Protein chains: 2
Amino acid sequence: MDIVGDGGHAALVQLQAYLAQMDLSGETRLPAERELCESLGVSRGDLRKALAVLEKDGRIWRHVGKGTFVGSGPVEETIGISEIAGRTNPADVMRARLIIEPEIAREAALHATLDDIAAMRKSLAQTREAATWRQYENIDNLLHRQIAEASSNKVLLGLFDVLNAVRRTVVWGRLRSDGARPPADHHSFEDHERIVEAIAERDLAGAATAMRLHLLQVGRRLIPVHEAAE
Amino acid sequence: MDIVGDGGHAALVQLQAYLAQMDLSGETRLPAERELCESLGVSRGDLRKALAVLEKDGRIWRHVGKGTFVGSGPVEETIGISEIAGRTNPADVMRARLIIEPEIAREAALHATLDDIAAMRKSLAQTREAATWRQYENIDNLLHRQIAEASSNKVLLGLFDVLNAVRRTVVWGRLRSDGARPPADHHSFEDHERIVEAIAERDLAGAATAMRLHLLQVGRRLIPVHEAAE
DNA sequence: TTATGAATCAATCGCGGATTGGTTAAACCA
DNA sequence: TGGTTTAACCAATCCGCGATTGATTCATAA
């Protein structure tokens, strides 16, 4: 059966049979090349040629130090925040916030429990009592995350956490260090109240709009506008 | 200077001075409690009380095994995909896709270069030539990611990658194993063409709408509808 | 009763060896 | 000489064990 001079093809056939057997066992990782080539009775060179064919076809994927796996590609288990933050800028972060946070607020208006709303109102009151900018920003962070939690969509919550981590990394060092407390007429106070009120009243569109307007206000302060017409 | 019976306050004062000195040095991690309490000449209990005050205030944050750091909170460096995927379901994933992918398509229509569009059209042609469902899904993945890359917004691209990884983990095991190839009248072919065409023509709203309709089609197949009226 | 310090716990870090895919070169055979 | 196999080596990753660290408990003493 083993045709001399065409060991590559024989190895490919054996490998496909091996994969078919492994597919239904549920296992995704296949043995190391050094073991597999001996187990199949082919040279490592031929085995690697066959593996290369299957990899180009998308049936398997390999990585140094990890092994060879069946599947279309490596499901990246962890996402590096600094890798994202290092190649972006505050403007892009704000665009992303403007895209997902209003929709998160909309979902929150649909799914928030009474406990969720009570927690938001508690944070709302605490923002007005904050004695320093640092405390205020902490509570502000908490409030925005409470809204994301209230959406009851773990995926949106995860995306929010990623976005939040990127934002905090990007604006690293720009934190307000003046010890003053937020002024009583700070626009965010009313913004936050409108958002929470819309969520409490199950006003889906209102919650999304209020969140969008709030973020636009924040962005206006973050990125100075030079147009006098603004 | 050290008032007996009020070691807690003395420790707090010393700690604040220490933090002020460290703030301008740029270092964020402060020594271990066992060293610091000896260095400041206070008991560990008093030091921990002072640290607790500063932590509640948001000036520092601590974690077992890591240490104590200045700053409002731990900037999570990595996000675990499986942690998100393990607590969600395909419906929530689809909701998240419906929120961000149309907006990504809109940004792509605004920022895509000619090279980006050429790459998309190349993938578009390859989807029709796919010999197996596995190949088709690989190219489909690639096309969607090319659109995210064309948005030229690294944050949106990062969020897309997270969402994609979650999606692939959630639907793990549901991959189409029948070796047949996608039918020539598969709805995604026309959907994809409309999306790319809208991006090429810089039709922002059209790109977003086309992407949303495409995802609705995909979701309709993913989650069987029971209403006959549909 | 209160405060102090030591002991202990669980989570994390860090380093060294083992494993793995990728690459190169020597050995081998026809 | 030409092609194949085998072995050795490389860099990236994993894994296990000891050290470190914040959190907790408890005995001791003032």
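Throughout, protein chains are lettered first and strands after them, A, B, ... in sequence-line order, and every chain is numbered starting at 1. None of these values were measured; they are calculated from a predicted model. What's counted below: heavy atoms across the whole structure, side chains too, no hydrogens, waters or symmetry copies.
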Under 3.5 Å: donor-acceptor pair, side chain of [X], backbone of [Y]:
X       : Y       : value
D116(B) : T113(B) : yes
S151(A) : I147(A) : no
T169(A) : A165(A) : yes

More than 12 heavy atoms of other groups within 6.0 Å of E38(A) CD: no

Taking NZ, NE, NH1 and NH2 as the nitrogens, is one of them in [X] or [Y] under 4.0 Å from a carboxylate oxygen of the other?
X       : Y       : answer
E103(A) : R95(B)  : no
R121(B) : E193(B) : no
E149(A) : R145(A) : yes

[X] [atom1] to [N] [atom2]: how many Å, rounded?
X      : N       : atom1 : atom2 : result
D46(B) : dT2(C)  : CG    : P     : 15 Å
L51(A) : dT20(C) : CG    : C1'   : 13 Å
R48(A) : dT5(D)  : CZ    : P     : 14 Å
L47(A) : dT4(D)  : CG    : C1'   : 15 Å
E33(A) : dA12(D) : CD    : P     : 17 Å
K49(B) : dG22(D) : NZ    : C1'   : 17 Å

Taking every heavy atom of R29(A) against every heavy atom of M22(A), the minimum-distance pair comes out as O-SD, 3.9 Å

I'd like to compare against my own output: the B/S/- annotation of nucleotides 5-12 of chain C with a strict under-4.0 Å heavy-atom distance to protein. S-BB-BBS

What does the inter-axis angle of the helix from dT1(C)-dA30(D) to dA30(C)-dT1(D) come out as, five pairs per end, nearest 10 degrees? 20°

In terms of side-chain heavy atoms of R62(B), which of dG22(D), dT20(C), dG22(C) is nearest? dG22(D)

